[in-house]
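Reading through the structure tokens given below for one structure.
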Amino acid sequence: MTSAPSKLYADDVSLLVVTLDTNPFFWSTFPFPFADFLSQVLAFLNSILLLGQLNQVIVIATGCNSCGYVFDSTSDKNHGSTTGTMPALYSNLLHNLDQFVARDQQLASPHTPGTVPSSLLSGSLSMALCYIQRAFRSGPMPPQPRILCLQGATDGPEQYVAIMNAIFSAQHSVVPIDSCYIGSNNSAFLQQASYITGGIYYKPPQLDGLYQYLSTVFATDLHSRAFLRLPKSVGVDFRASCFCHKQTIDMGYVCSVCLSIFCEHHDKCSTCGSVFGQAQLDASAADRKRKA
């Protein structure tokens with residue numbers, strides 16, 4: 001699905017906002033080490049900055065309980081000298097990432113043993129869109145904005161409404177959401193996000209070559225994508241999550257007033273209070289009987 005016509009952007013300047021999944025519960029059970037994943041992501045971010053001196057890269061860490069900015073290439077402290085043998089890009093990002101992970105672990109809430117809690121994708125998408133809206137107001141020719149979600153944890157059905165709101169906001173602002181999912185199964189939320197906003201959804205078959213996939217699929221700017229054959233999603237999972245049990249469902253009941261979704265029939269909508277079907281008829285009959 002193609003996105004709406006582009007606004008007046010500088011074709012050769014990109015603003016890439018990356019959401020980085022740092023869920024410790026996922027990485028502790030995933031066979032690919034987080035250190036190897038991060039090293040390839042850092043090389044990819046460095047290549048984006050090397051493609052153009054005006055390119056901008058923003059990194060948002062996505063934890064289980066919070067989200068936070070860990071790198072901004074426009075910041076003055078990221079243009080300083082190297083620290084020992086490590087460039088400023090790596091040292092500042094790793095330092096901020098360590099601090100974020102420590103803060104996120106302090107906010108950890110109890111979860112069911114043997115399960116992996118979902119990452120706060122809705123929060124990181126909202127922060128990415130807020131940063132992009134600020135870039136829109138920076139001048140008449142802002143860089144081309146796009147979001148890249150590097151996600152590994154499974155979808156959190158309880159975030160369905162917030163994520164869909166972020167997706168439609170990105171579509172309205174003509175901001176593509178690219179998705180690189182490294183988990184075991186596909187992500188229905190990210191599939192829908194990339195499909196609706198005109199972005200790219202891709203699940204690398206081999207994580208050892210993650211940098212090659214990132215550089216060949218996601219490094220291209222929006223202007224150049226019209227001339228390349230990039231991967232397209234074979235299928236998109238459009239299943240929604242119910243508002244009552246926060247579970248992904250194939251069929252359900254939809255409130256005709258507020259469009260809330262339920263997996264079971266209810267006499268009354270728990271979101272807006274509307275009365276459904278036979279319960280509404282019974283309430284009207286009882287009301288008429290009282291008046292008579």
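Smallest separation of non-hydrogen atoms from Phe218 and Cys180: CE1-CB, 3.7 Å. Between Thr220 and Thr216, the shortest heavy-atom contact is CG2-O, 4.5 Å. Residues Asn96 and Val70 approach most closely at ND2-O, 2.9 Å, considering heavy atoms. Heavy-atom minimum distance, Ser119 versus Ala153: OG-CB, 3.5 Å. Of all non-hydrogen atoms in Gln40 and Gly209, the two that sit nearest each other are OE1-C, 3.8 Å. Looking at every heavy atom in both residues, Asn55 comes nearest to Ser14 through OD1-N, 3.0 Å.
Proximity of a side-chain donor or acceptor of Asp104 to a complementary backbone N or O of Ser66 within less than 3.5 Å is detected. Remark: the backbone N or O of Gln133 is paired with a side-chain donor or acceptor of Arg137 at under 3.5 angstrom. A donor-acceptor contact shorter than 3.5 Å is absent between the side chain of Asn46 and the backbone of Leu42. Asp155 places no side-chain N or O within donor-acceptor distance of the main-chain N or O of Pro157, the cut-off being under 3.5 Å. With Lys203 contributing its side chain and Asn185 its backbone, the two residues share no donor-acceptor pair below 3.5 Å.
Between Gln191 and Tyr195 there is no side-chain heavy-atom pair separated by less than 4.5 Å. Between Gln56 and Leu54, the closest side-chain pair of non-hydrogen atoms is not below 4.5 Å. The closest side-chain heavy-atom distance from Ile132 to Ile58 is not below 4.5 Å. The shortest distance between side-chain heavy atoms of Phe44 and Leu16 falls below 4.5 Å. Counting only heavy atoms from C-beta outward, the side chains of Leu38 and Leu20 approach each other to under 4.5 Å. Proximity of Phe26 to Cys64: side-chain heavy atoms (C-beta onward) are nowhere separated by under 4.5 Å. Considering only heavy atoms from C-beta on, Val217 stays 4.5 Å or farther from Asp178 through its side chain. The shortest distance between side-chain heavy atoms of Leu125 and Phe189 does not fall below 4.5 Å.
In terms of the side chain to side chain donor-acceptor pair (under 3.5 Å) criterion, residue partners of Ser122 (sequence neighbours excluded) are, by chain and number, Gln159. Here Ser215 pairs with Tyr211 under the side-chain contact (heavy atoms from CB on, under 4.5 Å) rule; sequence neighbours left out. Considering only residues two or more places apart in sequence or on other chains, Asn186 meets the side chain to side chain donor-acceptor pair (under 3.5 Å) condition with Tyr201.
In the hydrophobic clustering of this structure, Leu190 groups with Ile60; members are Ile, Leu, Val, Met, Phe, Trp, Tyr whose side-chain heavy atoms approach within less than 4.5 Å, directly or through other members. A continuous path of ILVMFWY side-chain contacts below 4.5 Å connects Leu93 to Leu150, so both sit in one hydrophobic cluster. Leu230 and Phe227 are not part of a single hydrophobic cluster, where members link through side-chain heavy atoms under 4.5 Å apart. Note on Ile182 and Leu120: separate hydrophobic clusters, where clusters join Ile, Leu, Val, Met, Phe, Trp and Tyr whose side-chain heavy atoms are under 4.5 Å apart, directly or indirectly. Linking ILVMFWY side-chain heavy atoms closer than 4.5 Å, directly or via other members, places Leu50 and Leu45 in two distinct hydrophobic clusters.
Atom CZ in Arg103 sits 12.5 Å away from atom CG in Asn65 (nearest 0.5 Å). Between the CG atom in Leu121 and the OG1 atom in Thr19 there is a gap of 6.0 Å [rounded to 0.5 Å]. Rounding to the nearest 0.5 angstrom, the gap separating the OH atom in Tyr202 from the OH atom in Tyr181 is 16.0 Å. Between Cys149 atom SG and Asp21 atom CG the span is 10.0 Å, to the nearest 0.5 Å. Atoms CG and OG, on Leu51 and Ser224 in that order, are 9.5 Å from each other to the nearest 0.5 Å. In this structure, CZ on Phe25 lies 8.0 Å from CD on Gln105, to the nearest 0.5 angstrom.
Aromatic ring pairs are classed by plane angle as parallel below 30°, tilted from 30° to 60° and perpendicular above 60°; the pair Phe34 and Phe37 is tilted.
Between the side chains of Ser124 and Thr62, at least one donor N or O lies within less than 3.5 Å of an accepting N or O.
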task = Quick one: do Leu49 and Ser73 satisfy side-chain contact (heavy atoms from CB on, under 4.5 Å)? Show the steps, please.
result = CA-CA 8 Å; Leu49 296 175; Ser73 63; 3.9 Å; yes

inquiry  = side-chain contact (heavy atoms from CB on, under 4.5 Å), that's the test. Do Ile147 and Leu129 meet it? Break it down for me.
reply    = CA-CA 8 Å; Ile147 300 174; Leu129 290 171; 4.0 Å; yes

request  = Just do the side-chain contact (heavy atoms from CB on, under 4.5 Å) check on Gln192 and Ile163 with the steps written out, would you?
outcome  = CA-CA 10 Å; Gln192 295 181 47; Ile163 290 178; over 6 Å; no

query = side-chain contact (heavy atoms from CB on, under 4.5 Å) between Ile167 and Met164: does it pass, once the steps are laid out?
reply = CA-CA 5 Å; Ile167 292 174; Met164 293 306 297; 3.9 Å; yes

request  = For Ser179 and Gln151, run side-chain hydrogen bond (donor to acceptor under 3.5 Å, both in side chains): C-alpha distance rounded to whole Å, both residues' side-chain angles, the deciding distance at 0.1 Å, then the answer.
outcome  = CA-CA 8 Å; Ser179 307; Gln151 195 73 11; over 6 Å; no

